[in-house]
Amino acid sequence: MEQLSASSSFSVATPQGLRVLIASSEAHPLIKTGGLADVAASLPTALRQLGCDARLILPAYPRAVRQLREPKPVCELRMQGCRANIRIMAGLHPDHDLPVYLVDAPESFAREGNPYTDLSGRDWGDNAERFLLFCRVIAVIAQGLPAMNWQPEILHGNDWQTGLAPALLQDAPHRPATVFTIHNLAYQGLFDRATYDRIGLPSTLWSLSGLEFHQRLSFIKGGIVFSNRVNTVSPTYAAEVRTPRFGCGLDGLLRQIGGRFSGILNGIDYDVWNPDSDPLILQRYSREHFGLKVENKLDLQREFGLPRSEDAFVLGYIGRLVEQKGVDLILAILPELLRDPRVQLVVVAAGERQIEQALLDIAAKYPRQIGIFIGYDETRAHRIEAGCDVFLMPSRFEPCGLNQIYSLRYGTVPIVHRTGGLADTVVNSTPDTLAQGNATGFLFDETQPQALLNAIWQALRLYRDDPEGWRRLATTGMAQDFSWEASARQYLQLYSDALAEHQTCHAASA
Ligand code: GLC
């Protein structure tokens, strides 16, 4: 295969025109199961606005193929472990002028529904093969495919599904610099030894300093061990995962890599999440016209079959139903909280079947106070952000969290556990911060139902007793700036650090 020359590949260290390939297994709206999708679409867009030539690569899930703009076949590849040829398709993101490559391997990716699990919620049995194939293709493209006429200077992988790409590239003479972002350390891509032997990874990678993790194959270790720079999505989570409590067994490794590992807070896309221009909500509003927000509350109550009342104190929850998110804390406090007939809860969520069922059961008991939709639905998510008074995020851990940042923008006061990105984005209401006018929400410290309940009661008291204080709290949140530009600039710095290290290693091994 023809290769680009080393000099043309590595000479540009300035951001202008910097070529970055962002690899992810989801990107909104092509395919989304969580916050990674939002980041994978908005970070490259923000980087392009700063002058980078950022491009995205994803598996060709049917939903993604259907939404790709101006799709064109680029080339076909023969890959180890795959009987049929793999097609690379190029096109544009549906909403931005962002080049997107799709890896079309129908046997692996042409499955409707969730990219990781079958309809019953079980992981696909061939996930190791599927994402190894994705990583192999990423690694080939990262070295410059003649048919593409483009080689990235930076390969930026995200989460375990891309973790083996830097490992596969480690000895490649024309590899780019590599950056790896951990969006959630709890998902590591772990498989047994038999799988490792079956899928044809080089035996040299099976070691403590390679992909082996407690006698299993770890995809995420590939990203952490073999990348020039590693980061996660908030400074507090970056500190937390270096401790045994949050490190999911990888805290030692993350401490060991020292300054190669850092935290960069995600931004949010204010073109999509802005109450002043949101086409999905009934009544648009801004800080100056905060009073209009209540129209969205009435609309939300109508949509979820709850009694329409301006005075109701409406709590919202949106998210995946997994242990991490602490929904059990919400379930535990509901009987006590809902004794106040003016409290209502609106939920859009999906995930583990027993949590779904527990929510449905309790909603059936309180039909006038709980509205629930099981599933993920972008429109309802916008309406919850616009229509609720407060937003609950009692996550046990939260790498960054985006919904609390959307809530701030919509003047929907977040009540959050003091962890990860939640601690980095919400300023707790205390007599001092309220008096100074910099409070934006409520934080609680213990992952205990009572701690959550106390925080909700504190919020409810302010809401009922001091409407002007409440308005100030909510509109202070609306004024915060979590746009992508600042975060994208930090990624540029990370890329330039990765390039510098890569060039030093290159010079040393030349
Ligand atoms: C994952 C994390 C979440 C983070 C998102 C985007 O979904 O759980 O905290 O905001 O990735 O980085």
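Both ligands and their constituent atoms are indexed starting at 1 by order of listing.
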Query raised in the report: What residues form a side-chain contact (heavy atoms from CB on, under 4.5 Å) with Ala381, not counting sequence neighbours?
Result: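 side-chain contact (heavy atoms from CB on, under 4.5 Å) check on Ala381 returns Trp273, Ile318, Tyr376.
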
Query raised in the report: Ion pair present between Arg383 and Asp377, side-chain N to carboxylate O less than 4.0 angstrom?
Result: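 No salt bridge links Arg383 with Asp377.
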
Query raised in the report: With a 6.0 Å cut-off on ring centres, are His156 and Tyr491 close enough?
Result: yes

Query - Phe373 ring center near Phe304 ring center (under 6.0 Å) - result: no

**Report entry** Backbone of Ala238 reached by a side-chain donor or acceptor of Thr232 within 3.5 Å
**Finding:**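 Answer holds: no.
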
Requested in this report: Over all heavy atoms of both residues, which pair between Arg130 and Tyr116 is shortest? Give the atoms and the distance, please.
Outcome: NH1-CA, 4.4 Å

Query raised in the report: So which protein residues pack against ligand 1 under 4.0 Å, heavy atoms counted?
Result: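 Answer by chain and number: Gly35, Leu36, Val39, His183, Asn184, Val233, Asn266, Arg320, Gln324, Glu398, Pro399, Cys400, Gly401, Leu402.
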
